[in-house]
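Below: the structure, in structure tokens.
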Amino acid sequence: MEKSMKWLIVGLSLSLMANAFAAGFYFTRANPPKRVMQAPELSAALPRGTFRVLPQDARAAFRDAFLENRRNNGVIRRQIRDARLRLAELATQPGTLNKAAITNTFTQLRGLQARQQQSFETALIAALETMDEADRKTFAERVLKAKEIRRQRRREGNGGGIMRQRGQAQ
């Protein structure tokens, strides 16, 4: 009897923990944290939704160009991540700061970021070449409109990035 009572208590405890986990998972999905909901609507490179204003064939050209660009940039992205990790390691090493190694790593990082940006620009140009004049104009107007919205939000203090959002939350 005592043994079955222990198993009952263990079973009920496990059930309670599983239910608490499931409830937490459900409620965080239904109500995301405010910092997630307040994240800037626009990406740094191209505003979200820019492609929706384009005809289907122009969307396909952009999608193909940027998927290819993303595949080709996988190595560069890994190298950028590794350089940033190296910077963190160098900055936190005990003893005297190795300024030469840090400067060298920053130089490598700038070169990698320039290669990544150049690759993005090449993909963008390739996609724009597939579009007719009217579609390019529509695309450019959408980008400019979205950038203006972002500037306006910054002036109002509503879209200044994660640091500003954290500062407001405190």
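Since the structure is predicted, the reported quantities are computational estimates derived from the model, not experimental observations.
Results of the side-chain contact (heavy atoms from CB on, under 4.5 Å) test with Arg136 over Glu141, Glu129, Met131 single out Met131 as the only residue that passes.
By the 4.5 Å heavy-atom criterion applied to side chains, Gln108 and Arg86 are counted as neighbours. Between Asn73 and Phe120, every side-chain heavy-atom pair lies at or beyond the 4.5 Å cut-off. At a threshold of 4.5 Å between non-hydrogen side-chain atoms, the residues Leu67 and Arg71 count as touching.
For the atom pair CG (Leu87) and OG1 (Thr92), the distance works out to 10.5 Å, reported to the nearest 0.5 Å. The CD atom of Glu68 sits 12.5 Å away from the OG1 atom of Thr122 when rounded to the nearest 0.5 Å. Taken from CG in Leu124 to CD in Gln117, the straight-line distance is 9.5 Å, to the nearest 0.5 Å. Going from atom CG of Leu109 over to atom CZ of Arg81 covers 13.0 Å, rounded to the nearest 0.5 Å. Note: Asn98 CG to Thr103 OG1 = 8.5 Å, rounded to the nearest 0.5 Å.
The side chain to side chain contact (heavy atoms under 4.5 Å, CB included) test applied to Gln93 returns Leu90, not counting sequence neighbours.
Both Phe106 and Ile80 are part of a single hydrophobic cluster, where members link through side-chain heavy atoms under 4.5 Å apart.
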- After noting the C-alpha distance and the side-chain angles of Leu112 and Gln116, does the key distance pass the side chain to side chain contact (heavy atoms under 4.5 Å, CB included) rule? CA-CA 6 Å; Leu112 291 167; Gln116 185 180 36; over 6 Å; no

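The closest side-chain donor-acceptor pair between Arg155 and Gln152 falls under 3.5 angstrom.
Between Arg142 and Glu148, none of the side-chain N atoms (NZ, or NE/NH1/NH2) sits under 4.0 Å from a carboxylate O, so this pair counts as no salt bridge.
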